[in-house]
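Only this structure's heavy atoms are used, side chains among them; waters, hydrogens and symmetry mates stay out. Keep in mind it's a predicted model, so treat the numbers as computed, not measured.
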Amino acid sequence: LDHFVVAKGESEALFGAEASQTRESSANAPATDVDAADAETRETSDAAGRDAGLRCLVFELLSHSLYDVLRATSFRGVSLALVRKFSSQILHALRYLKSHGVVHLDLKPENVLLCSADRSRVKLVDFGSSRWRDESVGETYAQSRFYRAAEVLLGLPFSYPADVWSLGCIMVELHGGKPLFPGRDERHQLAKITETLGGVPADMFAAASAERRATHARAAAKPLFEKGSDEKDDALGSETSRTKTNASESFAKPHGSRPLRTIIA
């Protein structure tokens with residue numbers, strides 16, 4: 001893996017700019033203070049990378065994606081041993097990204113590629129949606145729907161755990177052959193999540209915007225439709241109360257009605 005950077009306002013590509021700055025910082029650091037030099041190098045490198053403009057990553061020619069692997073099994077899934085091998089490597093990749101303050105934000109089987117067709121070594125690719133941990137994303141696209149974390153669906157701040165959520169979805173899909181949460185849209189997506197993992201925590205749901213609460217009330221707040229839940233209705237907003245009459249929609253199934261252990265079995 002290598003990279004080059006297209007600087008802001010310039011047409012020429014600057015190859016290896018960050019690596020050059022890193023080596024220069026290390027060369028000027030005192031030899032008796034290695035830890036401080038490493039911290040300064042990382043800070044300088046990160047600052048330079050954030051201001052450099054468009055960064056392009058260059059990979060060697062890789063092989064099939066994990067989605068292709070599933071398709072080759074007619075979507076029956078792969079062995080647990082192979083799931084462990086793939087998952088361990090992806091976790092190492094995520095740990096490396098975290099050490100550099102990067103959130104991938106589009107982890108899915110199509111973005112994990114085999115290094116060669118006859119080996120189980122894989123690489124994580126496609127950083128087109130990735131962000132710095134502290135970067136404001138606004139309404140920018142984040143994560144493919146089947147692998148989208150609940151905090152992203154609710155429009156809440158998110159970080160490295162969003163990638164780990166996606167990995168968990170991938171692990172189940174690799175073994176079972178089908179997506180864990182195959183939502184038709186964002187509302188249905190959160191409904192599928194609550195069917196399996198239970199309701200969204202009250203404080204998390206309350207932290208979402210009024211618009212998001214209105215969108216996801218039927219799925220996220222399903223238990224609030226029960227008798228005697230007026231106090232909870234007030235705590236989570238009037239959107240829940242307004243949707244009581246629509247609680248029978250086909251996708252608003254009871255929380256926990258599709259437990260994870262049943263899906264895996």
Side-chain angles (χ1 to χ4, degrees), residues 94 98 103-108 129-173 178-264:
L94 293 181
K98 182 179 179 180
V103 188
H104 187 277
L105 288 183
D106 198 16
L107 194 57
K108 56 185 178 180
S129 299
S130 62
R131 294 290 182 273
W132 300 108
R133 178 186 59 81
D134 55 356
E135 183 178 356
S136 176
V137 296
E139 294 299 322
T140 303
Y141 172 87
Q143 300 187 298
S144 296
R145 186 170 62 249
F146 290 176
Y147 314 95
R148 194 169 297 163
E151 59 266 34
V152 178
L153 289 167
L154 291 171
L156 301 175
F158 53 86
S159 187
Y160 311 117
D163 283 341
V164 179
W165 172 278
S166 299
L167 174 57
C169 295
I170 292 172
M171 291 169 69
V172 176
E173 183 175 351
K178 296 180 180 179
L180 175 58
F181 303 122
R184 296 188 298 270
D185 52 38
E186 283 209 334
R187 288 195 303 165
H188 190 225
Q189 187 67 30
L190 192 59
K192 300 300 287 186
I193 292 172
T194 58
E195 284 173 26
T196 299
L197 301 178
V200 177
D203 55 346
M204 183 177 179
F205 188 66
S209 67
E211 181 181 0
R212 295 276 183 161
R213 292 200 304 271
T215 298
H216 294 293
R218 287 190 290 275
K222 174 66 175 175
L224 305 183
F225 302 140
E226 300 172 355
K227 288 184 178 180
S229 61
D230 293 340
E231 293 182 2
K232 292 182 180 179
D233 286 346
D234 294 339
L236 293 184
S238 59
E239 294 84 5
T240 301
S241 300
R242 290 199 300 269
T243 58
K244 285 184 178 181
T245 57
N246 298 321
S248 61
E249 285 197 13
S250 60
F251 66 79
K253 297 179 181 178
H255 293 168
S257 61
R258 182 176 172 258
L260 185 60
R261 62 179 179 273
T262 302
I263 298 172
I264 295 176

Handout entry: Charged N-O contact under 4.0 Å between Glu186 and Arg212
Key =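 Here Glu186 pairs with Arg212 in a salt bridge, since their nearest N and O are under 4.0 Å apart.
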Do you know the tightest heavy-atom contact between [X] and [Y]?
{"X": "Leu260", "Y": "Thr196", "answer": "N-CG2, 3.6 Å"}
{"X": "Gly183", "Y": "Arg145", "answer": "O-NE, 2.8 Å"}
{"X": "Arg148", "Y": "Ala142", "answer": "NE-O, 3.3 Å"}
{"X": "Glu151", "Y": "Phe158", "answer": "CG-CB, 3.6 Å"}
{"X": "Leu197", "Y": "Trp165", "answer": "CD1-CH2, 3.5 Å"}
{"X": "Ser144", "Y": "Lys108", "answer": "OG-NZ, 3.0 Å"}

Can you measure from [atom1] ([X]) to [atom2] ([Y]) and round to the nearest 0.5 angstrom?
{"X": "Gln189", "Y": "Arg184", "atom1": "CD", "atom2": "CZ", "value": "11.0 Å"}
{"X": "Ile170", "Y": "Leu180", "atom1": "CD1", "atom2": "CG", "value": "11.0 Å"}
{"X": "Leu156", "Y": "Phe205", "atom1": "CG", "atom2": "CZ", "value": "10.5 Å"}
{"X": "Tyr147", "Y": "Glu173", "atom1": "OH", "atom2": "CD", "value": "3.5 Å"}

Handout entry: Asp106 and Ser130: side chain donor to acceptor below 3.5 Å
Key =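 Result is no, nothing qualifies.
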Side chains of [X] and [Y], heavy atoms from C-beta outward: is any pair under 4.5 Å?
{"X": "Leu190", "Y": "Leu154", "result": "yes"}
{"X": "Ser129", "Y": "Gln143", "result": "no"}
{"X": "Phe181", "Y": "Cys169", "result": "yes"}

Handout entry: His216 side-chain N/O to Ala208 backbone N/O, donor-acceptor pair under 3.5 Å
Key = no
Handout entry: N/O donor-acceptor pair under 3.5 Å between Arg131 side chain and Leu105 backbone
Key = no
